[in-house]
Amino acid sequence: MVAPILSVRSVAKHFGGLRAVDDVSFDVLPQQIFGIAGPNGSGKSTLFNVMTKVPFGPTRGEVLLNGRPIQGLSPHRIALAGIARTFQRENVFASLSAIDNVLVAVESLVPTAPFAEQLERAEEALALVGFPATMQNSPAGSVPIFYRKQLMIASALALQPKVLLLDEPASSLTGPEIERMKQIILRVRDNGMTVVLIEHVLALLMEVSDQLLILDQGRVIANGDPVTVTRAPTVIEAYLGVAHE
Ligand SMILES: Nc1ncnc2c1ncn2[C@@H]1O[C@H](COP(=O)(O)OP(=O)(O)O)[C@@H](O)[C@H]1O
Ligand SMILES: [Mg+2]
């Protein structure tokens with residue numbers, strides 16, 4: 001049996017009386033694309049927040065990377081240990097060039113490496129997501145949204161993570177752009193990484209996910225193979241019912 005690369009154990013995050021994440025447990029296997037879906041406000045982004053401690057850790061529960069608990073680590077150490085994430089909103093350093101955005105991440109991983117090596121790593125990360133070389137010197141804030149999303153993923157990849165957490169990478173994209181995003185996600189996995197993918201675009205999730213977990217009001221209501229999960233009556237009621245309104 002293959003050991004999980006990532007285990008989330010009874011994780012909860014409470015905001016006062018609100019249980020944004022409520023006793024969530026799941027395992028992710030190496031090189032899986034593990035999909036997470038659920039209605040707005042079901043706790044998906046909060047789950048990524050508490051897993052990475054950006055900006056806060058869980059109220060209770062633990063997260064294991066290759067069997068080792070990580071909550072004792074600082075957010076920076078968690079990233080360097082191998083869990084990198086992107087955000088639902090494209091947070092790039094708008095005034096920095098595209099390549100400098102990725103260099104910020106490279107520098108945090110290998111601060112003492114010669115600049116030529118850092119540059120090579122940054123260019124490799126940009127190439128992996130297909131960011132056009134001709135736009136490397138453009139200010140990140142001025143490039144179109146698809147490129148900002150590529151940039152955010154490249155910056156995460158520059159940390160050479162074992163596990164990449166993607167929070168709604170397809171939001172605000174056109175149909176053809178979603179197809180390109182799908183190819184990026186598959187390429188990341190083919191490069192040996194494990195991907196946890198939160199996505200509202202269900203078609204994309206169904207196409208790429210090896211396993212699918214559904215959250216509703218902070219709780220796991222289904223977890224299994226994507227076809228079975230999306231046919232479960234509880235899921236149709238909680239999630240698909242909402243999506244088809
Ligand atoms: N920092 C916060 N303070 C208070 N409530 C929050 C905070 N972050 C998220 N929430 C609440 O937690 C619930 C889950 O939010 P979120 O994880 O963003 O959902 P999703 O990503 O599934 O749309 C929502 O009710 C949201 O309003
Ligand atoms: Mg969210």
query: Can you list every salt bridge (charged side-chain N to carboxylate O under 4.0 Å, His left out) pair that touches residues 42-69, not counting sequence neighbours?
result: none
- prompt: What pairs meet the salt bridge (charged side-chain N to carboxylate O under 4.0 Å, His left out) rule with one or both residues in residues 121-150, with sequence neighbours excluded?
  reply: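 Applying salt bridge (charged side-chain N to carboxylate O under 4.0 Å, His left out) to every pair that reaches into residues 121-150, excluding sequence neighbours, yields E90-K149, E117-R121.
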For the [atom1] atom of [X] and the [atom2] atom of [Y], what is their distance to the nearest 0.5 Å?
X    : Y    : atom1 : atom2 : value
I184 : E179 : CD1   : CD    : 11.0 Å
M193 : Q160 : CE    : CD    : 8.0 Å
S45  : L165 : OG    : CG    : 11.0 Å
I33  : L166 : CD1   : CG    : 9.0 Å
T234 : I221 : OG1   : CD1   : 5.0 Å
T86  : L157 : OG1   : CG    : 9.5 Å

[X] with [Y], same ILVMFWY side-chain cluster at under 4.5 Å:
X    : Y    : answer
V8   : L164 : no
M152 : V163 : no
L205 : L213 : no
L202 : V229 : yes
M51  : L73  : yes

task: Could you walk me through whether L80 and L109 pass side-chain contact (heavy atoms from CB on, under 4.5 Å), step by step?
output: CA-CA 7 Å; L80 297 185; L109 181 69; 3.9 Å; yes
- request: Take D27 and L6, measure what side-chain contact (heavy atoms from CB on, under 4.5 Å) needs, and give me the verdict at the end.
  value: CA-CA 6 Å; D27 286 329; L6 181 75; over 6 Å; no
Just list the side-chain donor-acceptor pairs under 3.5 Å for residues 95-106, sequence neighbours left out, or say none.
unit_1: S97; atom_1: OG; unit_2: D100; atom_2: N; d: 3.2
unit_1: S97; atom_1: OG; unit_2: D100; atom_2: OD2; d: 3.3
unit_1: N101; atom_1: OD1; unit_2: F93; atom_2: N; d: 2.8
unit_1: N101; atom_1: ND2; unit_2: F93; atom_2: O; d: 3.1
unit_1: N101; atom_1: ND2; unit_2: L96; atom_2: O; d: 3.4
unit_1: N101; atom_1: ND2; unit_2: S97; atom_2: O; d: 3.1

Side-chain donor-acceptor distances from residues 194-201 under 3.5 Å, at least two apart:
unit_1: T194; atom_1: OG1; unit_2: Q31; atom_2: N; d: 2.8
unit_1: E199; atom_1: OE1; unit_2: A170; atom_2: N; d: 2.9
unit_1: E199; atom_1: OE2; unit_2: V201; atom_2: N; d: 3.0

Of all residues at least two apart in sequence or in a different chain, which pass the salt bridge (Lys or Arg N to Asp or Glu O under 4.0 Å) check with [X]?
X    : result
D210 : R189
R219 : D22
E177 : none

If you compare all heavy atoms of [X] against all heavy atoms of [Y], which two are closest, and at what distance to 0.1 Å?
X    : Y    : result
M206 : L212 : SD-CD2, 4.1 Å
P39  : A238 : CG-O, 3.3 Å
A156 : P161 : O-CD, 3.4 Å
L159 : A84  : CD1-CB, 4.1 Å

Set of residues satisfying side chain to side chain donor-acceptor pair (under 3.5 Å) with respect to [X], sequence neighbours excluded:
X    : result
S25  : none
Q32  : Q211
N66  : none
D225 : T228

task: Decide if atom CD of Q88 counts as having more than 12 heavy atoms of other residues, nucleotides or ligands within a radius under 6.0 Å.
output: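 Yes.
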field: Flag if over 12 foreign heavy atoms under 6.0 Å of CZ, R187
entry: yes
- request: Before giving the answer on side-chain contact (heavy atoms from CB on, under 4.5 Å), spell out for L126 and L151 the whole-Å C-alpha distance, their side-chain angles and the decisive distance to 0.1 Å.
  value: CA-CA 7 Å; L126 285 173; L151 207 47; 3.6 Å; yes
- prompt: Is the side chain of K162 donor-acceptor paired with the backbone N or O of P30 at a distance under 3.5 Å, no angle test?
  reply: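 Not at all, since once roles are kept as given, no pair shorter than 3.5 Å links the two residues.
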- prompt: T230 side chain to V227 main-chain N or O, any donor-acceptor pair under 3.5 Å?
  reply: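 Yes, the answer is positive, given that a donor and an acceptor are paired below the 3.5 Å cut-off.
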Close side-chain approach of [X] and [Y], heavy atoms under 4.5 Å:
X    : Y    : answer
P58  : V21  : no
I153 : I185 : no
F34  : N223 : yes
K13  : L47  : no

task: Determine, step by step, whether F56 and T46 satisfy the side-chain contact (heavy atoms from CB on, under 4.5 Å) criterion, reporting the C-alpha distance in whole Å, the side-chain angles of both residues, the deciding distance to 0.1 Å, and the verdict.
output: CA-CA 9 Å; F56 39 63; T46 303; 4.3 Å; yes
Which atom pairs, donor and acceptor, lie under 3.5 Å between side-chain atoms of residues 128-147 and protein residues at least two apart or in another chain?
unit_1: S138; atom_1: OG; unit_2: M135; atom_2: O; d: 3.3
unit_1: S142; atom_1: OG; unit_2: P139; atom_2: O; d: 2.9

